[in-house]
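The structure appears right after this line, and notes come after that.
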Amino acid sequence: QVQPVESGGGLVQAGGSLRLSCAASGRLFSSYAVGWFRQAPGKEREFVAGISQSGGNTNYADSAKGRFTISRDITVYLQMNSLKPEDTAVYYCAARFTPYSTNYYREKNQYEYWGQGTQVTVSS
């Protein structure tokens, strides 16, 4: 029903910042909880940050706390500050149709729709 599309990835030096964006086709993106996940080569895809459909509830992986901020308007954002080389990964935006819930979701199997990913590379 929606097709997330990520943008904003790129190369950045350690300590720098990037802001990822997730836009989606479909006019009711506000009815979807959204999560950011990342996957480094040879690693499992892991949860980074999640936000409820209203934007009122957010949750972060321990690795992201204090450095990353998820937010939304018509677009969902992941502001990433103080980037580290270990943040290097393909970052994916995922959406779950959740019109009546204020929950965030941390498990990839809880999401229905996925973007193709955007590469984030942090150099030292």
Side-chain angles (χ1 to χ4, degrees):
Q1 213 267 2
V2 297
Q3 177 59 65
V5 179
E6 306 93 336
S7 62
L11 281 163
V12 65
Q13 192 169 6
S17 298
L18 285 172
R19 186 181 69 172
L20 306 184
S21 298
C22 178
S25 62
R27 62 186 182 274
L28 297 176
F29 200 34
S30 62
S31 296
Y32 293 78
V34 173
W36 286 97
F37 292 77
R38 68 187 183 189
Q39 188 167 21
K43 301 287 185 65
E44 293 289 316
R45 191 170 298 185
E46 65 177 4
F47 172 80
V48 178
I51 191 165
S52 62
Q53 57 86 19
S54 68
N57 291 317
T58 59
N59 189 254
Y60 299 91
D62 288 344
S63 61
K65 289 178 181 176
R67 299 188 299 127
F68 295 2
T69 302
I70 188 169
S71 62
R72 68 190 302 168
D73 40 58
I74 60 170
T75 300
V76 178
Y77 304 97
L78 184 68
Q79 178 67 46
M80 305 188 294
N81 298 327
S82 302
L83 283 161
K84 305 173 181 178
E86 50 263 45
D87 295 318
T88 296
V90 177
Y91 283 70
Y92 297 89
C93 178
R96 171 188 169 95
F97 183 60
T98 316
Y100 301 107
S101 177
T102 58
N103 289 347
Y104 52 81
Y105 300 89
R106 294 176 58 96
E107 301 297 326
K108 55 183 180 290
N109 288 341
Q110 295 176 298
Y111 290 92
E112 303 163 89
Y113 307 101
W114 291 81
Q116 68 176 356
T118 185
Q119 177 71 49
V120 171
T121 302
V122 184
S123 66
S124 60

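Side chains are part of it too, since the values below use all heavy atoms of this structure and drop only hydrogens, waters and symmetry mates.
- The existence of a salt bridge linking D87 and K84 is excluded, since no basic side-chain nitrogen approaches an acidic carboxylate oxygen closer than 4.0 Å.
- Between S17 and Q79, some side-chain heavy-atom pair lies under the 4.5 Å cut-off.
- No side-chain heavy atom of W36 sits less than 4.5 Å from a side-chain heavy atom of F68.
- Between the side chains of R96 and Y111, no donor-acceptor pair is found at a separation under 3.5 Å.
- Closest approach of A95 to F29, counting heavy atoms only: CB-CE1, 4.0 Å.
- Summarising the geometry of S124 relative to A14, their closest heavy-atom pair is CA-CB, 4.3 Å, with the distance given to 0.1 Å.
- L20 and G9 get closest at one heavy-atom pair: CD2-N, 3.6 Å.
- For C93 against V34, the heavy-atom pair with the smallest separation is SG-CG1, 3.6 Å.
- At least one side-chain heavy atom of W114 sits under 4.5 Å from a side-chain heavy atom of R45.
- In this structure, Q1 and S31 have side chains that are not in contact, with every pair of non-hydrogen atoms separated by 4.5 Å or more.
- The heavy-atom pair separating A49 from L78 by the smallest distance is CB-CD1, 3.9 Å.
- The heavy-atom pair separating R106 from Y60 by the smallest distance is NH1-O, 3.4 Å.
- Put simply, the side chain of R38 reaches to within 4.5 Å of the side chain of E46, judged on heavy atoms.
- Using a 4.5 Å heavy-atom cutoff, the side chains of S123 and Q13 are in contact.
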